[in-house]
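Here's the structure, in structure tokens; my notes come after.
In what follows, every chain begins at residue 1, and chains take the letters A, B, ... in the order their sequences are listed.
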Amino acid sequence: MPSATVGTLTVRVLLFGSYAETLGFDEIELSLDPPATVGDALERLRALPGGERLPPKPLCALNLSQASADASLSGGEELAILPPLSGG
Amino acid sequence: MPSATVGTLTVRVLLFGSYAETLGFDEIELSLDPPATVGDALERLRALPGGERLPPKPLCALNLSQASADASLSGGEELAILPPLSGG
Amino acid sequence: MYLTSDPIDLSSLVALVHSPSRGGVACFLGTVRNHQGGRDVLRLDYSAYTPMAEAECARIAAEAESRWQCAVALRHRIGRLEIGEAAVAIAVASSHRDEAFVACRYVIEEVKRRVPIWKREVYADGSVEWVGAGGEAGKTVSGEAGKTVSGAGDKTGAELISQRAGESR
Amino acid sequence: MYLTSDPIDLSSLVALVHSPSRGGVACFLGTVRNHQGGRDVLRLDYSAYTPMAEAECARIAAEAESRWQCAVALRHRIGRLEIGEAAVAIAVASSHRDEAFVACRYVIEEVKRRVPIWKREVYADGSVEWVGAGGEAGKTVSGEAGKTVSGAGDKTGAELISQRAGESR
């Protein structure tokens, strides 16, 4: 559930593979002003050191399901930013 | 090479699976008057007890290669009469 | 040797074909089922025209290896098999999984179509039948296990073989 | 659990799906190759978004089992893998080999396309690259092994994923 500051919402962001190495961490909590979308969270990541190297439209998953940049956040979600898959 | 009687040729006939059970043996030497074909050898088999149950055109192999009923025999060959295959 | 009277170990076939440059391995395992045409099967006996079966298996493997870029391992069991045991096993390794799958499929289809091997099914009711020798529609002489045999039915061997080839496509 | 950090044993997957009524088993094994894009590979590291990867593997297996009459076993290795080790293994058993082959092929294609797993290749020259993150055309930052990483290149993740999907057809 939202916490941090009153009037903001919080999402837990997970980074994997090359993205985690590019930004230097694999997990961060972001506080955003509502209404907020996946795209807003991405903008915040891009402002961090190394964040400019994220592609314009990375694959994202919200609570384990694929989500587009305009998916809205209500707070408390797990948002994963997924590099191109290379399993198998 | 031909042996048995002068003027005849000999082939070794092998039977498998249901054909061996039908005729009661799995190997026989046949002496045939030249010129002789695979079909002539089959006729001889059909005259034996149980031989009437061989199909009209069984699959045959002459020295390990598939052969038709009109393939000629020169003597000394191994002629195999093959029931419908059911390997695998 | 492609025919064996010992149990087949799939992992050892994989080890034969797999290499650091051939990373994709497709396999097929055909095992003895407990039923056939609505009847309960107790066990199988496979017999072969061994020299021709070995030669035909070698030809099939060579065809697959030259047609696709791959390495093929193939074994067919002979003798008595219990339910669940592997009758045939194939492992095909390639640097591309496409080719491994296609070649593996080719090998099993050709083995069934071309290799002189015969399957005799022993049923729970004591009857015995040479598979393909008249099939389910053929006459089955029931009686003392191991001595009985089904009739060859109305179809010739050649007809049955071409039927099988048609079915497998 | 579809992901494992232990070596994968194909025979145990076969045992999971095989039964007396499902006599045909098709398998696929994807192993670590010693070369990629002309470079010598020393080893791989696979990482995953574990809860999503588990859920996606479960969905793929369920799709295959409902679309074809079959039983599916699937494992994907995570962590450090040496050359020749199995990264992914699939076993599909069915009473018809057709369905076993088709379902097995479906599972490997969907795993590659949909499961959030990432492969990091460590090369003989000491460089390291996240596969797909810019690919062979991308920038590779070479240097101390284990600390370096390639750039994400010019393509977005979504573009690269749809490219991959196109290639696999």
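- Each of C/Asp45, C/Ile78, C/Val115, C/Val111 has some count of heavy-atom pairs under 4.5 Å with chain B, and the biggest count is that of C/Val115.
- Interface remark: C/Arg114 contributes backbone atoms only to the contact with chain B (heavy atom separation under 4.5 Å).
- Using a 4.5 Å cut-off on side-chain heavy atoms (C-beta onward), B/Leu85 and C/Pro116 make contact.
- A donor-acceptor pair under 3.5 Å is formed between the side chain of C/Trp118 and the backbone N or O of B/Pro83.
- In this structure, C/Thr50 OG1 and B/Phe16 CZ are separated by 7.5 Å, a value rounded to the nearest 0.5 Å.
- Closest of all the heavy-atom pairs between C/Arg120 and B/Glu21 is NE-OE2, 3.5 Å.
- Interface remark: B/Leu14 contributes side-chain atoms only to the contact with chain C (heavy atom separation under 4.5 Å).
- Only the backbone of C/Ala48 has a heavy atom closer than 4.5 Å to any heavy atom of chain B.
- Under the 3.5 Å distance criterion, the side-chain polar atoms of C/His76 are matched with a main-chain donor or acceptor of B/Gly88.
- Under the 4.5 Å side-chain criterion, counting only non-hydrogen atoms from C-beta, C/Glu56 is not in contact with B/Leu64.
- Counting heavy atoms of neighbouring residues, nucleotides and ligands inside a 6.0 Å radius, atom CD of C/Gln69 does not exceed 12 of them.
- Between the side chain of B/Ser86 and the backbone N or O of C/Gly132, no donor-acceptor pair lies under 3.5 Å.
- Both the backbone and the side chain of C/Tyr49 have a heavy atom closer than 4.5 Å to some heavy atom of chain B.
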